[in-house]
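This structure is a prediction, so every number in the text was calculated from the model and none was measured. Just so it is clear: chains get the letters A, B, ... in the order the sequence lines come, proteins before strands, and each one is counted from 1.
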There are 2 protein chains.
Amino acid sequence: MSLRYALLGLLAYEPASGYALTKSFEHHVGRYAWQAGHTRIYPELNKLAADGLIEVAEEGARGRITYAITEPGRAALREWMMTPPAARKVRDEDVLRLFLMSALPPEDSRRLLKAIIEDCAGEIDELRDTIAMLDEDCAEAGERLPFGRLAAEYGLRTYETRRDWALWALARLESH
Amino acid sequence: MSLRYALLGLLAYEPASGYALTKSFEHHVGRYAWQAGHTRIYPELNKLAADGLIEVAEEGARGRITYAITEPGRAALREWMMTPPAARKVRDEDVLRLFLMSALPPEDSRRLLKAIIEDCAGEIDELRDTIAMLDEDCAEAGERLPFGRLAAEYGLRTYETRRDWALWALARLESH
DNA sequence: TGCTCACATGTCGCGGATGACATGTGGAAT
DNA sequence: ATTCCACATGTCATCCGCGACATGTGAGCA
């Protein structure tokens, strides 16, 4: 059911086509929060439209269909946002690998931790660039919703934390 | 496919029954890394056994079947651990809510951020207790695999980071 | 003018995930 | 002796997710 709300959330930010939404999932949403491919996105958009939570805002070139969120859609999104379930539910392959780390022989653990540290470094650099650009746009355009900014900051802090954890785990392994 | 390796990883730590594994998913694995219910776990265990990656170690009371990982199982797990895919794939409903935060009116955002901060505080307290107990056991038992310790530390740091981010986001909203 | 490639939306089959339903067992307390 | 509840494993229908396959379009470039 979460994909539904992921789409509503993106459309609450601004109207978009299925193609554009797919790109959003590829570039940010799917990397940090909720992955989805176009084969799920298009059917779900049709269902959302059938349910009246979104509507066709424009039909453009190459069959492009731009959707916009409706008032019932905003209400449904708000309802979902404000009532998180008691039980946490996560599926993150990367974190699973971290969790199972000690199943490996120490030498492999070390190699994997070093790879994680490098990977995080790349991610952090990328996010720092993104944030710099967002902040410039903000200063120039004067008015921009902080959607990307909050999310980017969250991503940045998450990867910094993961890198620091890996450094700590590595040190812990060495002092054995 | 990840459930397969989550199970192998847990069984690499120590032999366990499907029931015990289900509890692990409820209590730690499913909350931080990879969720799964018993309806998926039992069939997957049967498949793993059929593939020779695990084996029945003991059949106990009430139909309990205790499984242990085999050498091919360890090899398959190691193979998977050491070759992470290029593309990150995440599904985390909580993080999705953070991502979509700005879709809400500011007043709702504030309420949600405050709820997140409280929720994180509870999680952090719980994890601190867990870690204290793990460290005591270590000192007392002298010898214990660091599986739970690394994972708990990761969880703790993750929730501290999330709390700090929420505090930052709240301050950012106020200064608007 | 023609070519190419990103744009743009879709179906289909298979396997994974989930909630509802089903069934029986043994330890512990009353 | 009985009752209760956690223990323990399973099926089934339905939906979700993913990779493969399908189809057509317009902008830009040579």
Side-chain angles (χ1 to χ4, degrees), chain A residues 1-8 10-11 15-27 29-31 33-51 54-68 80 85-93 96, chain B residues 1-8 10-11 15-27 29-31 33-51 54 56-67 80 85-93 96:
Chain A
M1 282 306 284
S2 296
L3 174 58
R4 223 177 158 66
Y5 299 104
L7 291 169
L8 281 177
L10 291 174
L11 290 174
S17 65
Y19 189 82
L21 290 166
T22 301
K23 292 296 166 195
S24 288
F25 276 84
E26 272 170 27
H27 294 137
V29 187
R31 274 170 68 184
W34 199 270
Q35 62 169 313
H38 81 278
T39 58
R40 239 5 328 271
I41 291 170
Y42 288 116
E44 192 64 39
L45 285 170
N46 286 328
K47 257 179 74 180
L48 280 163
D51 293 346
I54 62 174
E55 63 187 4
V56 175
E58 189 199 331
E59 306 206 15
R62 291 186 249 205
R64 182 175 62 248
I65 304 168
T66 302
Y67 292 97
W80 179 81
R88 229 171 278 296
K89 293 186 173 185
V90 179
R91 274 208 182 94
D92 189 322
E93 219 179 276
L96 179 58
Chain B
M1 285 308 283
S2 295
L3 174 58
R4 221 177 161 64
Y5 299 104
L7 291 169
L8 281 177
L10 291 175
L11 291 174
S17 66
Y19 189 83
L21 290 166
T22 302
K23 292 298 166 193
S24 287
F25 276 84
E26 272 170 27
H27 295 137
V29 188
R31 274 169 70 185
W34 198 270
Q35 64 170 312
H38 80 277
T39 56
R40 235 13 321 276
I41 291 169
Y42 288 115
E44 192 64 39
L45 285 171
N46 286 328
K47 258 179 72 181
L48 280 164
D51 293 347
I54 62 175
V56 175
E58 187 199 333
E59 305 206 15
R62 292 187 248 207
R64 182 175 62 247
I65 304 166
T66 303
Y67 293 97
W80 179 80
R88 228 172 278 295
K89 293 187 172 185
V90 180
R91 274 206 183 95
D92 188 323
E93 216 179 278
L96 180 58

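At a threshold of 4.5 Å between non-hydrogen side-chain atoms, the residues B/Leu10 and B/Tyr67 do not count as touching.
Look at B/Arg62 and you won't find any side-chain N or O under 4.0 angstrom from OP1 or OP2 of D/dC5. Taking only side-chain nitrogens and oxygens, B/Tyr19 comes nearer than 4.0 Å to OP1 or OP2 of D/dC7. For A/Tyr42 and C/dG10, the shortest distance from a side-chain N or O to OP1 or OP2 is not below 4.0 Å.
The listed nucleotides are D/dT9, C/dG16, C/dT18; the one nearest the side chain of B/Lys47 is C/dG16. In this structure, the nucleotide among D/dG19, C/dT9, D/dT11 sitting nearest to the side chain of A/Thr39 is D/dG19. Nearest to the side-chain atoms of A/Ile65 among the listed nucleotides D/dT9, C/dT9, D/dG10 stands C/dT9.
For B/Trp34 and D/dG17, the CH2 to C1' distance is 11 Å, given to the nearest whole Å. In this structure, B/Phe25 atom CZ and D/dA8 atom C1' are separated by 17 Å, rounded to whole Å. In this structure, B/Arg91 places its CZ atom 18 Å from P of D/dC15, rounding to the nearest Å. Atom CZ in B/Arg64 sits about 15 Å away from atom C1' in C/dG24, given to the nearest Å. Rounded to an integer number of Å, the gap from B/His38 NE2 to C/dA22 P is 14 Å. Summarising the geometry, the separation between CG on A/Asn46 and P on C/dT11 is reported as 8 Å, rounded to the nearest angstrom. Here C/dT11 presents its P atom at 12 Å from CG of A/Leu45, a figure rounded to the nearest Å. Taking atom CZ of A/Arg40 as the reference point, atom P of C/dA8 lies 22 Å away to the nearest angstrom.
No engagement by B/Glu44 is indicated, since no non-hydrogen atom pair under 4.0 Å with the nucleic acid exists. Contact annotation for B/Arg4: no contact, since no heavy-atom pair falls under 4.0 Å across all strands.
A donor-acceptor contact shorter than 3.5 Å links the side chain of A/Arg91 to the backbone of B/Gln35.
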Residues B/Arg4, B/Asp51; criterion side chain to side chain contact (heavy atoms under 4.5 Å, CB included); working and verdict: CA-CA 11 Å; B/Arg4 221 177 161 64; B/Asp51 293 347; 2.5 Å; yes
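Remark on DNA chain D: of its neighbouring residues A/Met1 and B/Gly63, the 5'-side contact belongs to B/Gly63, judged by nearest-heavy-atom nucleotide.
For the residue pair B/His38 and B/Thr22, the shortest heavy atom distance occurs at CB-OG1, 3.7 Å. In terms of heavy atoms, B/Ala36 sits closest to B/Ile41 at O-CD1, 4.1 Å.
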